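Here's the structure we're looking at; comments come further down.
None of the values given here were measured: they were computed from a predicted structure.
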Amino acid sequence: MWTSGRTAGAPLKILAHLGHCRLRTPWRRQPDGRQRRLCRLMSSSGPPWRLLFFGSDQFAVESLKLLTASRSPGEGIVESLEVVTLSGGVPVKRFAQQNHLQVHSWPPDIVDGQFDVGVVVSFGCLLHERLINKFPYGILNVHPSLLPRWRGPAPIFHTIMRGDTVTGVTVIQIRPHRFDVGPILNQELHLVPENCTADELGATLATKGAHLLIDTLTTLSDRMAHKREQGQMGATFAPKINTSMSWLVWEEQTCDQIGRLYRAIGSWIPLRTTWMGRTIKLLDFVGKCHISLRDQRRRPVPGSVSYQKESNTLAVSCKDGWVGFKAVLLKKRLTAADFHNGYLHRAAEGLFVSRKGGTEALGGSKNNALLP
């Protein structure tokens, strides 16, 4: 792998060849192959870079957008930019096509000698060592957490679910065989706003990560010279979100935990419980409710449902209080009033029942061995 100090001690006869080319400008005359390689070698210790970008979703689009705006054959950060993405109409592919970037399908077969640096943002595929080694400056990855916390495919969701007050973005150099374990080149903290959703945090970190990537590419040689390895202390794993995480366990989860779960996954997967043996999806979460019971000495059974006519809300009892929802999905979407009138007031017992095994909602998968 070439390093930023690769010109040190170069023989004078090599330096003499530079008279045949002007760095970052068109050739004065067509050099032979050896002179071209030498000129490229001497000129590629800094930007502008020839980049190959790997990405798929909207988070990745923000970095690709800023790289596209940074293109310039002379003085920009990016000399050339091509894209590798997945099949289908993923956001990165649509953006690349709209902006006339050359798009390659995965896995690419066009890497040899054409690029200085690879950039991976929210791609989801493991890059093999033989591919990584084709880039003189390796492959960089923009990750939306303060690594080594929340390694894995869903760091933003777990940041919200766990109630982290501080997160950030990290640019690492990719290592083969494992995700998110490479040396850190750049990192920036971000305070998580109170009651922030995963969608809101993701949009903010996508923009912050894009700017951190540009900053890293601007000073890449220096960043690589001062990179630091990740330690295991504080390392946690962020598995993919799935439907099993959406099942509520009223006996075990507090109002705050249910609120964080909703803000983490609610826009992707509705929270779930069971009603009279049927799955019911809980929609439009409104947070903690203050319920006045007739008998204040009697603690409600977790899962108890109370219709609040004044606010048109279904209040449900959990471990330490009540949480409210404005609508549910049974056979179809029903407002709180609709559910009360059509189902709740007829039932012998107004109770949402936890589905056993739903405690995965708090900790992720059983592979989460690194969690504190």
Side-chain angles (χ1 to χ4, degrees), residues 157 159-163 165 192-202 241-362:
F157 297 103
T159 294
I160 298 295
M161 277 198 289
R162 279 304 176 110
T165 57
V192 180
E194 189 174 359
N195 296 322
C196 182
T197 67
D199 289 341
E200 292 166 343
L201 182 60
I241 62 169
N242 57 62
T243 303
S244 69
M245 295 179 178
S246 68
W247 289 99
L248 294 177
V249 185
W250 305 107
E251 301 86 351
E252 299 178 9
Q253 291 169 296
T254 65
C255 296
D256 285 344
Q257 287 172 330
I258 292 172
R260 293 200 304 264
L261 182 63
Y262 180 83
R263 289 186 285 109
I265 71 173
S267 67
W268 295 72
I269 305 173
L271 302 188
R272 287 168 166 79
T273 189
T274 59
W275 165 260
M276 306 291 284
R278 301 161 64 185
T279 297
I280 186 170
K281 299 176 182 178
L282 304 171
L283 311 175
D284 301 343
F285 178 75
V286 295
K288 191 170 185 177
C289 296
H290 299 282
I291 306 300
S292 296
L293 299 176
R294 293 177 183 177
D295 185 354
Q296 295 292 336
R297 295 170 298 179
R298 182 180 178 184
R299 179 175 176 161
V301 175
S304 297
V305 186
S306 174
Y307 173 61
Q308 304 299 297
K309 185 175 181 179
E310 299 79 9
S311 59
N312 192 19
T313 301
L314 292 175
V316 189
S317 174
C318 60
K319 184 177 180 179
D320 66 346
W322 297 78
V323 290
F325 299 87
K326 289 287 188 180
V328 301
L329 187 65
L330 199 50
K331 292 181 179 179
K332 60 181 180 179
R333 182 184 175 97
L334 302 169
T335 66
D338 292 337
F339 181 74
H340 173 262
N341 295 333
Y343 297 90
L344 190 60
H345 84 283
R346 301 181 192 176
E349 184 178 38
L351 191 68
F352 287 161
V353 179
S354 303
R355 196 184 81 161
K356 297 301 181 183
T359 50
E360 281 188 70
L362 291 180

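Residues Asn195 and Glu200 approach most closely at O-OE1, 4.2 Å, considering heavy atoms. Among all heavy-atom pairs drawn from Ala337 and Asn312, the shortest one is N-OD1, 2.9 Å. Contact detail for Ile160 and Val192: the closest heavy-atom pair is CD1-CG1, 4.2 Å.
Counting only distance, with no hydrogens or angles, the side chain of His345 and the backbone of Asn341 share a donor-acceptor pair below 3.5 Å. Lys319 places no side-chain N or O within donor-acceptor distance of the main-chain N or O of Val249, the cut-off being under 3.5 Å. In this structure a side-chain-to-backbone donor-acceptor pair under 3.5 Å is present from Arg263 to Cys196. Side chain of Thr273 to main chain of Val353: a donor-acceptor pair is present (N/O by atom type, distance under 3.5 Å, no hydrogens or angles).
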Ser317 vs Val301, side-chain contact (heavy atoms from CB on, under 4.5 Å): CA-CA, chis, key distance, verdict: CA-CA 7 Å; Ser317 174; Val301 175; over 6 Å; no
What do the steps show when you test Val323 against Tyr262 for side-chain contact (heavy atoms from CB on, under 4.5 Å), and what is the final call? CA-CA 11 Å; Val323 290; Tyr262 180 83; over 6 Å; no
With side-chain hydrogen bond (donor to acceptor under 3.5 Å, both in side chains) as the criterion, how do Trp322 and Ser306 come out once you've worked through the C-alpha distance, each side chain's angles and the decisive distance to 0.1 Å? CA-CA 9 Å; Trp322 297 78; Ser306 174; over 6 Å; no
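We find the CD-SG distance between Glu251 and Cys318 to be 10.5 Å, quoted to the nearest 0.5 Å. Of the inter-residue distances, the one linking Leu314 atom CG with Ile280 atom CD1 reads 7.5 Å to the nearest 0.5 angstrom. How far CG of Leu330 is from CH2 of Trp275: 9.5 Å, rounded to the nearest 0.5 Å. With rounding to the nearest 0.5 Å, the separation of CG in Leu248 from CD in Gln257 is 11.0 Å. Note that CG of Leu261 and CG of Asp256 are 12.5 Å apart. Values are rounded to the nearest 0.5 Å. Here the CE atom belonging to Met245 is positioned 13.0 Å from the CZ atom belonging to Arg272, to the nearest 0.5 angstrom.
In this structure, the side chains of Asp199 and Trp268 come closer than 4.5 Å at one or more pairs of heavy atoms. Using a 4.5 Å heavy-atom cutoff, the side chains of Val328 and Asp338 are not in contact. Side-chain contact check for Gln253 versus Pro302: every heavy-atom pair is 4.5 Å or farther apart.
Asn242 and Ser244 share a donor-acceptor pair across their side chains, judged by distance under 3.5 Å alone.
Contact check on Arg333 versus Asp284 returns a salt bridge, with a Lys/Arg side-chain nitrogen under 4.0 Å from an Asp/Glu carboxylate oxygen.
Using a 30° and 60° split on the angle between ring planes, His340 and Tyr307 fall in the parallel class, below 30°.
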